[in-house]
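Since the structure comes first, as structure tokens, the remarks are kept for the end.
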Amino acid sequence: MAYRVRFVEPDKHYLNLKEEIDAAIVDCLSKGDLIMRRHLREFEEHLAAFVGTRYAVGVNSGFHALHLSLIAAGIGPGDEVIVPAHTFVASVSAIVLVGAKPVLVDVAEDYNMDLDAVERALTPRTRAVMPVHLNGRVCNMERLLALAREHNLLIIEDAAQALGATFKGKRAGSFGLTGCFSFYPFKVLGAFGDAGALTTDDEEIAIKARRLRYNGEDRETGEYHFHGFTCLLDNVQAAVLDVKLRHLPRWLERRRQVADMYRQGLTGVGDLRLPHFADDNYYDIYQNYVVRTKRRDELVAYLQEQGVEVLVHWRKPMWAHVGLGLGPHNLPETEAICREVLSLPMNAEIDDESVEIVIETVRRFYSG
Ligand SMILES: *Cc1c(COP(=O)(O)O)cnc(C)c1O
């Protein structure tokens, strides 16, 4: 159907930047700069500066940023890694695929991992915690870092949804041993396909990740240091991302403005719970604008029928997918979220009129 308001508008997004993006791509193609060239190095420098770390290493997905981080940190069989149950499957797959055991914990009201649950989940085998800064809001890293110091744990941040979000003025991806980002097209900074990066202050981790992404090879000496992968960030994608990174702060401000319009238009409407969690320590960037209601399925059907495109992120808990082999769990908040959440249209291109249409349509559902 033709939506009146689309969830995202990748065509509009491209056309707004067409000249700059086309020029960057033509620059790569006409020079034959395809693999590990200047554009990749420059994007990595700019990304590290933006996040506030010494290094950034471009890879071909958020998944591989997580996967290489865990390998570089030496996490493997016999180790437990605590991770929130309410996250994208890739967070957990990365842990499983290094041979470690993911220990799923429940989340709190702001959709981020419940730190009391993290404390309860600690065992002598716990090697690391993977906070996931979900929907563009950073976890309480002060408390998590204190816990990590006390119990000698590594922190691998899944910051795939939180590029540019801050906690006490520090950006997501700058707290842990590594920060892991995804540039999947519909993340706040999106490539034209899969892409990702990890950030770190640790030189050894950066070197190891650079080798892991390129078959274990040291590009200067030609020495293979171990068996690695082929999961480099393409130079052309890096060139595009470098252009877009310059616009990111403005886009994040626009997302916050849209979130504020939703807050003003939808506060107190029906049983809706909005994703605004008063606390001056956080700068949320609204990768997703997630609302909660007991009438979720009805509201989703109504909005779709009225031409407003919405999404539901994860209709059943990860452990209910038996093929993942995660076993049974009893995590009531994660289960309730699966029944109650939907995401409203949110992107930097959406105009005020479209936001008003969404607000009016939601209000009509409840009044009518
Ligand atoms: C998108 C995402 C990832 C994985 O990113 P890909 O680039 O798709 O591999 C990991 N974790 C979270 C929370 C994500 O949203």
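Counting convention: from 1, in listed order, for ligands and their atoms alike. All heavy atoms count here, side chains included; hydrogens, waters and symmetry mates do not.
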**OP:** Mark the output for Gly196 as yes if a heavy-atom distance to ligand 1 is under 4.0 Å, and as no if none is.
**Re:** no
Subject >> Numbered atoms and elements of ligand 1 in range of Thr87, under 4.0 angstrom, heavy atoms >> reply: 13 (C)
Original post:
Aromatic rings Phe183 and Phe43: how do their planes relate, parallel, tilted or perpendicular, breaks at 30° and 60°?
Top reply: perpendicular
Original post:
Does a donor on one side chain and an acceptor on the other come within less than 3.5 Å for Tyr282 and Asp110?
Top reply: no
Original post:
Do any nitrogen or oxygen atoms of Ser182 lie less than 3.5 angstrom from nitrogen or oxygen atoms of ligand 1?
Top reply: yes
Original post:
Looking only at protein heavy atoms, which one is nearest to atom 15 (O) of ligand 1, and how far off is it?
Top reply: Gln161 NE2, 2.8 Å
**OP:** Mind checking the CG-CZ spacing from Asn288 to Phe7? Nearest 0.5 Å is all I need.
**Re:** 6.0 Å
Original post:
Which residue and non-hydrogen atom of the protein lie closest to atom 2 (C) of ligand 1, and at what distance in Å?
Top reply: Lys187 NZ, 2.7 Å
Original post:
Do the side-chain N and O atoms of His247 and Glu20 include a donor-acceptor pair separated by under 3.5 angstrom?
Top reply: yes
Original post:
What orientation do Phe277 and Tyr111 show, parallel under 30°, tilted 30 to 60°, or perpendicular over 60°?
Top reply: perpendicular
Original post:
Does any N or O atom in Val132 lie less than 3.5 angstrom from one in ligand 1, N or O only?
Top reply: no
Subject >> Donor + acceptor pair across side chains of Thr334, Asp106 (<3.5 Å) >> reply: yes
Original post:
Of all the atoms in ligand 1, which lie at a distance below 4.0 Å from a heavy atom belonging to Ala160?
Top reply: 2 (C), 3 (C), 10 (C), 11 (N), 12 (C), 14 (C)
**OP:** Quick one: look up the protein heavy atom nearest atom 10 (C) of ligand 1 and list residue, atom name and how far away it is.
**Re:** Asp158 OD2, 3.5 Å
Original post:
Under 30°, 30 to 60°, or over 60°: which ring-plane class applies to Phe186 and Tyr184, parallel, tilted or perpendicular?
Top reply: perpendicular
Original post:
How close does the nearest protein non-hydrogen atom get to atom 3 (C) of ligand 1, and which residue and atom is it?
Top reply: Phe88 CD2, 3.5 Å
Subject >> Where ligand 1 meets Ser91 - atom numbers and elements under 4.0 angstrom, heavy-atom basis >> reply: 11 (N)
Original post:
Can you tell me if Thr126 and His151 form a side-chain donor-acceptor pair at under 3.5 Å?
Top reply: no
Original post:
Starting from atom 9 (O) of ligand 1, which protein heavy atom do you reach first, and at what distance in Å?
Top reply: Phe63 N, 2.8 Å
